[in-house]
Amino acid sequence: GENVEQHPSTLSVQEGDSAVIKCTYSDSASNYFPWYKQELGKRPQLIIDIRSNVGEKKDQRIAVTLNKTAKHFSLHITETQPEDSAVYFCAASLSNYQLIWGAGTKLIIKP
Amino acid sequence: GAVVSQHPSWVICKSGTSVKIECRSLDFQATTMFWYRQFPKQSLMLMATSNEGSKATYEQGVEKDKFLINHASLTLSTLTVTSAHPEDSSFYICSARDLAGGPGELFFGEGSRLTVL
């Protein structure tokens, strides 16, 4: 079955710098790759997603890139702000709609 | 976006009692809902997939007699933790997808924090 690995587990960056979180997946049939942000004690919220027919997608300070050949996708956050501090989860989805989750990355923005 | 509502947000119960958590899709129909468990500082662990009108599909290692799931309508799934024990204390989150248009965003409920004394 599908397996998703996420790195790093913790990422600390200076406010204003960029942050990059990487995920790899094992099943080449996966076709949907969302990124969720979860603040402490709250529900995960979708921040950006990408489908397998697209290589890159951008939404203001957030971008996601997908390399289908290498089976990895990355989240890029530019000009980081204190409110970006949270746990970020990547996931991969097969056609049965079930998401397979990465282990999460705790992003810390240092003032 | 679509809204998923989960109730209760917090529940404290005595060991040996049962607790029911409700998950509702408020503005869309969800033939499938997912129940997750999340321990502190850990990822979401899928417990089971709830299917409307049929039996839930449980992940390996999850006791179906312990965690009863009922999906009686297209907008409501319930998770009942039976004979709860302190080790069942956790954050339980449901989610659902609005399947119109194919695979898409998974919407989460607010989560239910269960504490078993």
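By convention in this document, chain letters (A, B, ...) are assigned in the order of the sequence lines, proteins followed by strands, and residues within each chain are numbered from 1.
The part of Gln38(A) that comes within reach of chain B is its side chain, from C-beta onward, which places non-hydrogen atoms under 4.5 angstrom from that chain. With a 4.5 Å cut-off on non-hydrogen atoms, Pro34(A) does not touch chain B at all.
More than 12 heavy-atom neighbours from other residues, nucleotides or ligands sit within 6.0 angstrom of CD on Glu59(B). In His85(B), the NE2 atom is crowded: over 12 heavy atoms of neighbouring residues, nucleotides or ligands sit closer than 6.0 Å. The environment of Lys42(A) atom NZ is sparse: at most 12 non-hydrogen atoms of other residues, nucleotides or ligands sit within 6.0 angstrom. For Gln60(A), the CD atom counts as loosely surrounded, since its 6.0 Å shell holds 12 or fewer non-hydrogen atoms of other residues, nucleotides or ligands. Heavy-atom contacts from other residues, nucleotides or ligands closer than 6.0 Å to CG of Leu26(B) number more than 12.
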Could you check Leu106(B) against Tyr36(A) for side chain to side chain contact (heavy atoms under 4.5 Å, CB included), going step by step and ending with a plain yes or no?
CA-CA 10 Å; Leu106(B) 194 65; Tyr36(A) 282 80; 3.1 Å; yes
Hey, mind stepping through Arg43(A) and Gln6(B) against side chain to side chain contact (heavy atoms under 4.5 Å, CB included) and telling me if it holds?
CA-CA 10 Å; Arg43(A) 76 182 93 188; Gln6(B) 191 172 338; over 6 Å; no
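A distance-only check finds a donor-acceptor pair linking the side chain of Ser43(B) to the backbone of Gly102(A) [under 3.5 Å].
By the rule that hydrophobic residues join a cluster once side-chain heavy atoms approach within less than 4.5 Å of another member, Ile62(A) and Ile50(A) end up as members of one cluster.
The CG atom of Leu46(B) sits 7.5 Å away from the CD1 atom of Ile100(A) when rounded to the nearest 0.5 Å.
Across all their heavy atoms, Phe89(A) and Leu44(B) have their closest contact at CE2-N, 4.3 Å.
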